[in-house]
Amino acid sequence: MKLTCIVCPNSCELNIEKEKNEYIITGNKCKRGYYFALNELKDPRRTICTTIKTIFKDKPRLSVKTNSEVPKNKIFEIMQNINKFILKEKIEPGSIVLKNVCNTGVDIITTDEIE
Amino acid sequence: MKEYEVIIIGGGPAGMAAALKVNNEGCKALIIEREERLGGILKQCIHDGFGVLKFNERLTGPEYALKYKNIIKNKDIDILLKTFVIEIKKDKDFHIKIINENGIHILKTKTVIFSTGCRERTSKQIFIQGERPAGIYNAGTAQYMTNIMGFMPGKNCIILGSGDIGLIMARRLTLEGAKVLGVYEIKDTPSGLTRNIRQCLYDYDIPLYLSHSITKIFGKERIEAVEISKVNKNYELIENSKKIIKCDTLILSVGLIPENELLEDLGITIDKKTNGAFVDNDFMSVEIPGIFICGNALHVNDLVDYVSESGEIAGKKACEYIKNKKTNNKNTKVDINENFLYIVPQYINENSNDEIIFYFRSKKRFENAKLKIFLDDKIVEKNYNKLIPAEMEKLTIKNIKNKKISMILE
Ligand SMILES: Cc1cc2nc3c(=O)[nH]c(=O)nc-3n(C[C@H](O)[C@H](O)[C@H](O)COP(=O)(O)OP(=O)(O)OC[C@H]3O[C@@H](n4cnc5c(N)ncnc54)[C@H](O)[C@@H]3O)c2cc1C
């Protein structure tokens with residue numbers, strides 16, 4: 001099986017083979033590629049970057065992200081929750097707006113400021 | 001008339017990095033930015049993946065911009081927002097004509113750093129004959145609508161071109177509930193980064209069709225469908241390959257071009273390969289000394305980390321230029337063979353003793369490529385597992401002073 005590592009700009013092309021019960025991974029320039037491939041096979045995860053609605057005229061949308069990776073198959077469920085949220089007060093970048101989203105243990109944090 | 005040592009045009013990542021460096025070197029900088037906030041295009045690039053090389057973190061565009069903005073805030077750097085540079089004239093110094101809500105003014109400066117970024121190519125729109133229906137956007141415009149204004153450009157989208165911004169928008173629109181029917185690319189290789197093909201298209205089962213193009217657009221008020229045809233290696237249409245696909249939105253992601261009208265007005269020649277100016281390793285224009293160019297205004301980078309790096313070099317070199325008052329930049333051209341798409345800088349300042357950073361792209365895909373660097377009669381070799389035009393490479397070379405340099409890629 002072939003995979004492209006998405007961890008860094010090198011975009012290493014990984015080659016994965018299964019020998020007995022072990023995965024043999026080649027093509028990665030660093031360890032991160034090895035772990036990416038393993039996770040991708042067992043429990044693929046991604047960060048989500050999106051926006052939330054605000055009540056502020058000059059900034060109708062504020063950018064947010066998950067503060068760590070979430071299971072790939074929960075992405076759309078999480079998006080639905082984020083899209084329900086409306087920000088009503090000015091907060092610092094990095095503030096939590098949704099805690100433990102969809103019971104993933106992951107929080108949604110803001111990635112920009114409201115001036 | 002207000003006088004400056006360095007005026008920086010454009011407050012994106014290149015301009016901000018340049019300003020900080022100028023400040024660190026003890027010179028006085030002014031940033032001129034036409035928008036309301038610093039940050040350039042990063043303000044709308046809300047996805048992550050920025051700063052992996054520079055900060056060893058996967059930051060989003062706004063986070064990357066904030067890191068710089070927060071440092072700039074506390075430095076003695078002048079900033080003019082909502083201000084356009086409309087003209088530059090040169091005698092002994094440069095005279096910069098600006099316009100903002102206070103009217104038109106002229107500022108005098110010893111050096112100018114161009115960090116005006118790039119804009120999106122729209123040339124492909126020429127295939128639209130007759131009607132001009134609504135629903136056709138550049139990827140960057142769609143990005144602005146979705147991420148800054150909070151509007152959805154449409155529900156059933158076709159993307160033409162496999163540039164990175166288009167790929168990123170394919171994922172973004174899907175996340176927001178739109179259906180992206182496919183990405184169509186005329187070339188037989190994608191234009192975007194491999195990791196973006198994977199995480200933006202494959203993750204969401206969005207098909208990528210290489211060697212395909214749009215040959216007709218249907219719809220009067222709003223786009224209703226497109227006709228898609230297969231093409232061969234010479235981009236000629238393949239008979240009987242036409243297919244009509246219903247859609248309400250067409251997003252164009254057909255590449256970026258450096259923004260440099262102001263440079264052309266000054267009489268600076270544009271390198272057809274980079275669409276930017278010819279510069280030496282100080283990122284100084286080889287035609288008009290005192291003008292420095294960095295970031296996407298010089299050539300289109302695929303990583304913001306390199307954009308910031310080039311801003312720092314331009315900032316540092318602008319200050320050295322002011323302090324030494326060196327005017328004769330004796331330059332030698334870097335010779336490259338036809339397998340390069342381009343190399344930047346195109347010239348080397350003969351007196352330079354610094355290590356030199358080159359950025360280059362290959363013209364086509366290479367497996368196990370070899371780069372031979374000739375420095376007078378010394379040869380250095382470098383191997384690459386893979387080179388593709390979509391991914392820029394960086395190369396650092398030392399001890400170049402007074403040497404002839406040429407490079408062969410094979
Ligand atoms: C629509 C779009 C989306 C992009 N998305 C990505 C992405 O997702 N990821 C990525 O890595 N790269 C992306 N890029 C590439 C991106 O340009 C670089 O990563 C980086 O932001 C370039 O930095 P810069 O400082 O050179 O230019 P910019 O960020 O473009 O900044 C240039 C600034 O100059 C200002 N300016 C220009 N002309 C004048 C003038 N005459 N007077 C005053 N101000 C002026 C502009 O307003 C702007 O703020 C994108 C580019 C575009 C055009």
Side-chain angles (χ1 to χ4, degrees), chain A residues 2-14 26-30 32-33 36 40 44-69 72-73 75-80 82-83 86-87 92-94 109-115, chain B residues 36-39 42-53 56 58-67 69-70 144-151 168 171-172 174-177 192-200 202-204 302-306 367 385-386 388 390-394:
Chain A
K2 279 190 191 303
L3 271 183
T4 308
C5 179
I6 58 172
V7 178
C8 91
N10 280 333
S11 299
C12 290
E13 282 169 21
L14 312 174
T26 49
N28 52 313
K29 282 191 188 152
C30 75
R32 292 186 296 187
F36 170 78
E40 201 61 8
R45 285 174 172 258
R46 296 287 182 269
T47 46
I48 305 177
C49 296
T50 181
T51 58
I52 50 172
K53 283 195 205 92
T54 83
I55 57 163
F56 306 106
K57 252 213 172 100
D58 295 342
K59 190 122 184 149
R61 290 270 157 172
L62 185 67
S63 57
V64 297
K65 70 173 183 187
T66 49
N67 67 353
S68 77
E69 298 189 316
K72 228 171 121 178
N73 58 16
I75 289 178
F76 285 94
E77 190 188 333
I78 294 170
M79 277 300 289
Q80 276 186 353
I82 296 174
N83 283 344
I86 300 176
L87 184 73
E92 291 291 305
I109 60 168
T110 60
T111 56
D112 201 359
E113 59 184 358
I114 307 179
E115 276 164 311
Chain B
E36 261 172 88
R37 300 171 63 204
L38 294 178
L42 292 180
K43 301 194 290 287
Q44 68 184 62
C45 302
I46 62 155
H47 57 279
D48 70 350
F50 296 89
V52 182
L53 303 181
N56 213 355
R58 292 174 63 109
L59 301 168
T60 66
E63 287 174 321
Y64 190 96
L66 266 180
K67 276 202 182 244
K69 267 166 48 177
N70 287 337
Y144 185 86
M145 285 170 78
T146 320
N147 295 345
I148 305 281
M149 294 160 70
F151 295 143
I168 282 159
R171 171 178 64 185
R172 183 79 189 105
T174 309
L175 275 180
E176 289 294 351
L193 300 176
T194 317
R195 65 175 177 147
N196 282 339
I197 301 278
R198 159 142 193 101
Q199 62 182 346
C200 298
Y202 297 171
D203 266 5
Y204 295 91
D302 33 64
L303 292 179
V304 73
D305 311 64
Y306 294 143
E367 311 273 347
N385 291 341
K386 147 189 113 171
I388 53 176
E391 291 173 10
M392 192 181 84
E393 290 292 335
K394 176 179 158 178

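These values consider heavy atoms only, across backbone and side chains, with no hydrogens, waters or symmetry-generated copies. Below, chain A is the first sequence line, B the second, and so on; all start at residue 1. From a predicted model like this one, the values you see are computed outputs, not experimental measurements.
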Write down the atom of C45(B), the atom of P62(B), and the distance for their closest heavy-atom approach.
O-CD, 3.3 Å

I'd like to verify something: which residue of [options] has the highest number of heavy-atom pairs under 4.5 Å with chain B?
| options | value |
| --- | --- |
| L3(A), I82(A), N83(A), T51(A) | T51(A) |
| E13(A), K29(A), K59(A) | E13(A) |
| C5(A), P44(A), S63(A) | S63(A) |

Go through the atoms of [X] and report whether side chain, backbone, both or neither lie under 4.5 Å from a heavy atom of chain A.
| X | result |
| --- | --- |
| D203(B) | both |
| Y204(B) | side chain |
| L303(B) | side chain |
| L66(B) | side chain |
| E391(B) | side chain |

Would you mind reporting whether R61(A) and K53(A) have side-chain heavy atoms less than 4.5 Å apart?
yes

Output yes when [X] and [Y] qualify as a salt bridge under the 4.0 Å nitrogen-oxygen rule, no when they do not.
| X | Y | result |
| --- | --- | --- |
| D48(B) | K65(A) | no |
| R198(B) | E40(A) | yes |
| R37(B) | D112(A) | yes |

Can E176(B) and R172(B) be said to form a salt bridge (charged side-chain N to carboxylate O under 4.0 Å, His left out), step by step?
CA-CA 6 Å; E176(B) 289 294 351; R172(B) 183 79 189 105; 3.1 Å; yes

Looking only at atom types and distance, does a side-chain atom of T4(A) sit under 3.5 Å from a main-chain N or O of S11(A), one as donor and one as acceptor?
no

Using non-hydrogen atoms and a 4.5 Å limit, figure out which bit of [X] sits close to chain B: side chain, backbone, both or neither.
| X | answer |
| --- | --- |
| K72(A) | side chain |
| E115(A) | side chain |
| T47(A) | side chain |

Apply side chain to side chain contact (heavy atoms under 4.5 Å, CB included) to L87(A) and T110(A), showing your working.
CA-CA 10 Å; L87(A) 184 73; T110(A) 60; 5.5 Å; no

